[in-house]
Amino acid sequence: MLWFQGNSMQLAKYSFRLLLRNRSASKTVLPVLTLFTKDPCPLCDEAKEVLEAYKNRFILQEVDITLPENSAWYQRYKFDIPVFHLNGQFLMMHRVDISKLEKQLQKLEQQG
């Protein structure tokens with residue numbers, strides 16, 4: 001899993017570079033699962049444990065919403081973490097929804 005902190009523009013650029021690097025490394029492009037988190041966050045820790053079984057199917061990047069450069073994410077998600085985006089699109093919040101994650105990963109894998 002990969003950890004990343006940054007604002008939304010940096011996040012988008014970094015995600016794009018990850019996808020390009022991943023594409024050149026293999027024929028299959030792994031989706032990017034972004035975890036919006038803070039420290040401490042017991043629910044985030046629990047979510048990462050659940051995601052461990054899926055770690056070979058996506059690149060995980062974490063965004064600490066308490067950092068000054070992430071203030072927009074803080075305003076949006078301060079009461080809802082953990083929040084997950086898959087390839088830049090909202091996926092789920094509060095807890096990992098395995099069926100939703102599996103469905104979206106399968107959909108992306110079939111498209112790839």
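Values below: all heavy atoms of this structure, side chains included; hydrogens, waters and symmetry mates excluded.
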_Any residue meeting side chain to side chain contact (heavy atoms under 4.5 Å, CB included) with Leu108, in chain and number order, not counting sequence neighbours_ = Pro31, Leu86, Asn87, Gln111

*OH/Tyr54: more than 12 non-hydrogen atoms of other groups inside 6.0 Å*: yes

*asked:* List the residues meeting ring pair (Phe, Tyr, Trp, His ring centres under 6.0 Å) with Tyr77, not counting sequence neighbours, and say none if there are none.
replied: Phe36, Trp73, His85

*Work out which heavy atom in Asn56 is nearest to a heavy atom in Leu30; give both atom names and the distance.*
O-CD2, 3.6 Å

*Give a yes or no on whether Lys78 atom NZ has more than 12 heavy-atom contacts from other residues, nucleotides or ligands under 6.0 Å away.*
yes

_side-chain hydrogen bond (donor to acceptor under 3.5 Å, both in side chains) against Thr66, all qualifying residues, sequence neighbours excluded_ = Asp64

*Write out all pairs satisfying disulfide (SG to SG under 2.5 Å) with one or both partners inside residues 52-112, taking only residues at least two apart or from two chains.*
none

*Phe84 reachable from Leu43 in the ILVMFWY side-chain graph, under 4.5 Å edges*: no

*How many angstroms lie between atom CG of Asp80 and atom CD1 of Ile65, to the nearest 0.5 angstrom?*
9.0 Å

_Does any part of the side chain of Ile59, heavy atoms only, come nearer than 4.5 Å to the side chain of Leu33, both counted from C-beta?_
no

_Pairs meeting criterion salt bridge (Lys or Arg N to Asp or Glu O under 4.0 Å) with involvement of residues 93-103, two or more places apart_ = Glu46-Arg95, Arg57-Glu102

_Test of understanding: with side chain to side chain contact (heavy atoms under 4.5 Å, CB included), list the residues that count as partners of Asp45, not counting sequence neighbours._
Lys48

_Are Val32 and Gln61 packed together at the side-chain level, in the sense that at least one heavy-atom pair is separated by less than 4.5 angstrom?_
yes

*What distance separates Arg76 CZ from Phe90 CZ, expressed to the nearest 0.5 Å?*
9.0 Å

*If you measure from NE2 on His94 to SG on Cys44, what distance do you get to the nearest 0.5 Å?*
10.5 Å

*Does any non-hydrogen side-chain atom of Val63 lie less than 4.5 Å from one of Thr37?*
no

_Is any side-chain heavy atom of Val83 closer than 4.5 Å to one of Thr34?_
no

